[in-house]
J.: 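Have a look at this one before I ask anything.
The basis for the numbers below is simple: all heavy atoms, side chains too, and nothing from hydrogens, waters or symmetry mates. In this text, all values refer to a predicted model and were calculated from it rather than measured experimentally.
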Amino acid sequence: MQTQKPFVSLIQAYSYEREALRESIKTLLEPLGGLTEFVKPGQRVLLKPNLLTGARPTKECTTHPEIVYVVAQMVMEINGKPFLGDSPAFGSAKKVAIANGYQPIFDELNIPIINFQGKRYQTINENFKQLLLSKEAIEADVVINLPKVKSHVQLVLTLGTKNLFGCVPGKMKAWWHMQAGKNPDLFGEMLVETAKAINPNLTIIDGIVGHEGNGPSGGEPRNLNILGASADVFALDMTFANILSVAPKDIPTVAASLRLGLIEDLMVINFPLLHPETLKVDNWQLPKEFVPIDFGLPRVIKSTFRHLYIRFIKESINSYGGG
């Protein structure tokens, strides 16, 4: 249960132009103490964007590269050590990032990007004893979560909590879709448990241009002109559900955070700048049809996940935290 009101900072922002965006992000973070409240000199700082796919670079399916550039640059000015990391659905993190315009970040700032796979960190939870997360994410000194506002054919909306599912390495994500996907409540709780384990220090959500309709990749861009930030990813997600007029109970991640007492409602959130009521979006488009979270077993068997799923089941479950 919340014991102290979380702060959610909201502003209107109209441009990804670098200098204008830098001023916007500075304004956004001022009520939270500025970036120096979260990053100290010498700390290794994971920047976790949404790098879903490189197949639709003009459709705003991923976190805009200028958001990542500006935040990385600000981290470096504090003498922090930023690095990018993700585990995209298809392809390597670097290839997907380059396809979406991230090459200048690597060229100009010379910061590394890693793909979350191979090294794993085990979390122990009564309901998710086999939940394995990237060691690189867990061991970072600071995690800055950089999600994109998107509709989602399985989870209704993908915001800050869902973005941290990218810290589950490799094709283990498919395994969890099959393990917990038949029960949306359970799957939502698994995503919330992932977010709790990663425990991002700061989440900055890219809502300058969102992605509505048949997301996470099959929809269309839509100008929202909003940036949001908070040290509390669950409060930030609740806020954006309100802005988009989507019922919290309909979003598995937000519904799970409510059931688990991680957030109550908007009344327990401090909004030092704009209030979500002033940013309401008219007629935000959700998917026309929703897809089962567990994909449907026939689809999985026919995909490249088949080999991995069989391997996870047949190998000793001790490898994945069971007994």
Side-chain angles (χ1 to χ4, degrees), residues 5-50 60 62-85 97 100-102 104-111 113 140-149 159-160 163-164 199-210 223-237 239-240 243 269-279 281:
K5 279 192 172 186
F7 280 75
V8 171
S9 183
L10 298 168
I11 65 167
Q12 291 191 296
Y14 299 91
S15 174
Y16 289 116
E17 188 276 323
R18 193 167 295 173
E19 289 307 314
L21 183 60
R22 181 184 174 89
E23 288 305 309
S24 292
I25 291 177
K26 285 177 63 178
T27 299
L28 180 72
L29 297 182
E30 279 176 6
L32 308 180
L35 194 59
T36 55
E37 181 70 20
F38 304 96
V39 178
K40 307 304 178 189
Q43 289 185 319
R44 294 179 66 255
V45 181
L46 168 62
L47 306 182
K48 171 57 182 76
N50 184 311
E60 295 291 343
T62 61
T63 307
H64 197 283
E66 290 300 325
I67 296 272
V68 181
Y69 183 99
V70 168
V71 174
Q73 190 177 56
M74 292 171 69
V75 168
M76 294 175 74
E77 290 169 0
I78 302 170
N79 291 319
K81 300 176 181 179
F83 67 100
L84 271 64
N100 283 285
Y102 279 58
I105 298 173
F106 308 135
D107 291 344
E108 297 176 36
L109 301 183
N110 193 30
I111 62 176
I113 181 167
D141 296 316
V142 177
V143 175
I144 299 180
N145 186 24
L146 299 171
K148 184 77 165 180
V149 177
L159 300 166
N163 192 50
L164 294 167
N199 192 24
N201 302 80
L202 174 66
T203 298
I204 301 172
I205 192 161
D206 175 10
I208 296 178
V209 180
N223 291 335
L224 299 177
N225 304 320
I226 303 170
L227 287 174
S230 182
D232 188 323
V233 65
F234 307 114
L236 189 61
D237 282 5
T239 297
F240 271 83
I243 289 171
I269 301 174
N270 269 311
F271 298 105
L273 296 177
L274 298 180
H275 193 277
E277 286 298 322
T278 68
L279 296 170
V281 173

J.: On a heavy-atom basis, which atom in Val68 and which in Pro49 lie closest, and how many Å separate them?
T.: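 For Val68 versus Pro49, the nearest heavy atoms are CG2-CB, 4.0 Å.
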
J.: So which pairs with a foot in residues 40-50 pass salt bridge (charged side-chain N to carboxylate O under 4.0 Å, His left out), sequence neighbours left out?
T.: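 Pairs touching residues 40-50 that pass the test: Lys48-Asp86.
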
J.: From Ile205 CD1 over to Leu159 CG, what is the distance, rounded to the nearest 0.5 angstrom?
T.: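 Those atoms lie 4.5 Å apart.
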
J.: For the residue pair Ile226 and Leu279, what are the closest heavy atoms and their distance?
T.: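 Looks like CD1-O, 3.9 Å.
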
J.: List, one per line, each side-chain donor-acceptor pair under 3.5 Å for residues 24-31, sequence neighbours excluded.
T.:
residue : atom : partner : partner atom : Å
Ser24   : OG   : Ala20   : O            : 3.1
Thr27   : OG1  : Glu23   : O            : 3.0

J.: What pair of heavy atoms forms the shortest contact from Thr62 to Asp206, and how long is it?
T.: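 So the minimum-distance heavy-atom pair works out to O-OD2, 4.5 Å.
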
J.: Just grab all the ring-ring contact (aromatic ring centres under 6.0 Å, His included) pairs involving residues 13-32, residues at least two apart or on different chains.
T.: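 For residues 13-32: Tyr16-His64.
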
J.: Taking side-chain contact (heavy atoms from CB on, under 4.5 Å) as the definition, give me every residue that meets it alongside Phe271, ordered by chain and number, with sequence neighbours left out.
T.: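 With sequence neighbours excluded, Phe271 shows a side-chain contact (heavy atoms from CB on, under 4.5 Å) to Val8, Leu10, Thr239, Leu266, Ile269, His275, Pro276, given in chain and number order.
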
J.: Quick check for you: to the nearest 0.5 Å, what is the distance between Ile204 atom CD1 and Thr63 atom OG1?
T.: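 Rounded to the nearest 0.5 Å, the CD1-OG1 separation comes to 10.5 Å.
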
J.: With heavy-atom distances below 4.5 Å as the criterion, would you say the side chains of Val142 and Val75 are in contact?
T.: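 Side chain of Val142 against side chain of Val75, heavy atoms only: no contact under 4.5 Å found.
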
J.: Go through the structure and list residues passing side chain to side chain donor-acceptor pair (under 3.5 Å) with Asn110, not counting sequence neighbours.
T.: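 For Asn110 there are no side chain to side chain donor-acceptor pair (under 3.5 Å) partners, ignoring immediate neighbours.
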
J.: To check you understand the geometry: which heavy-atom pair defines the closest contact between Ile111 and Ala72, and what is its length?
T.: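 Closest approach of Ile111 to Ala72, heavy atoms only: CD1-CB, 3.9 Å.
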
J.: Restricting to non-hydrogen atoms, name the atom on Thr203 and the atom on Gly160 that form the minimum distance, rounded to 0.1 Å.
T.: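 Result for this residue pair: CG2-CA, 4.4 Å.
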
J.: Below 4.5 Å, heavy atoms only, C-beta onward: do Leu227 and Ile67 meet side chain to side chain?
T.: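 A side-chain contact under 4.5 Å exists here.
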
J.: Please name the pair of heavy atoms, one in Gly207 and one in Val149, separated by the smallest distance, quoted to 0.1 Å.
T.: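 Between these two residues, the closest heavy atoms are CA-CG2, 3.8 Å.
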
J.: Quick one: pull up CD1 in Ile208 and CG in Asn225 and give me the separation to the nearest 0.5 Å.
T.: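 Rounded to the nearest 0.5 Å, the CD1-CG separation comes to 7.5 Å.
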
J.: Show every side-chain hydrogen bond (donor to acceptor under 3.5 Å, both in side chains) that has at least one partner inside residues 67-82, sequence neighbours left out.
T.: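 Qualifying pairs, neighbours excluded: Arg18-Tyr69, Arg22-Gln73, Arg22-Glu77, Tyr69-Glu108.
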
J.: Please identify each residue that fulfils side-chain contact (heavy atoms from CB on, under 4.5 Å) with Ala140, with sequence neighbours left out.
T.: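 Partners of Ala140 by the side-chain contact (heavy atoms from CB on, under 4.5 Å) criterion, ordered by chain and then number, come out as Leu46, Phe83, Val143.
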
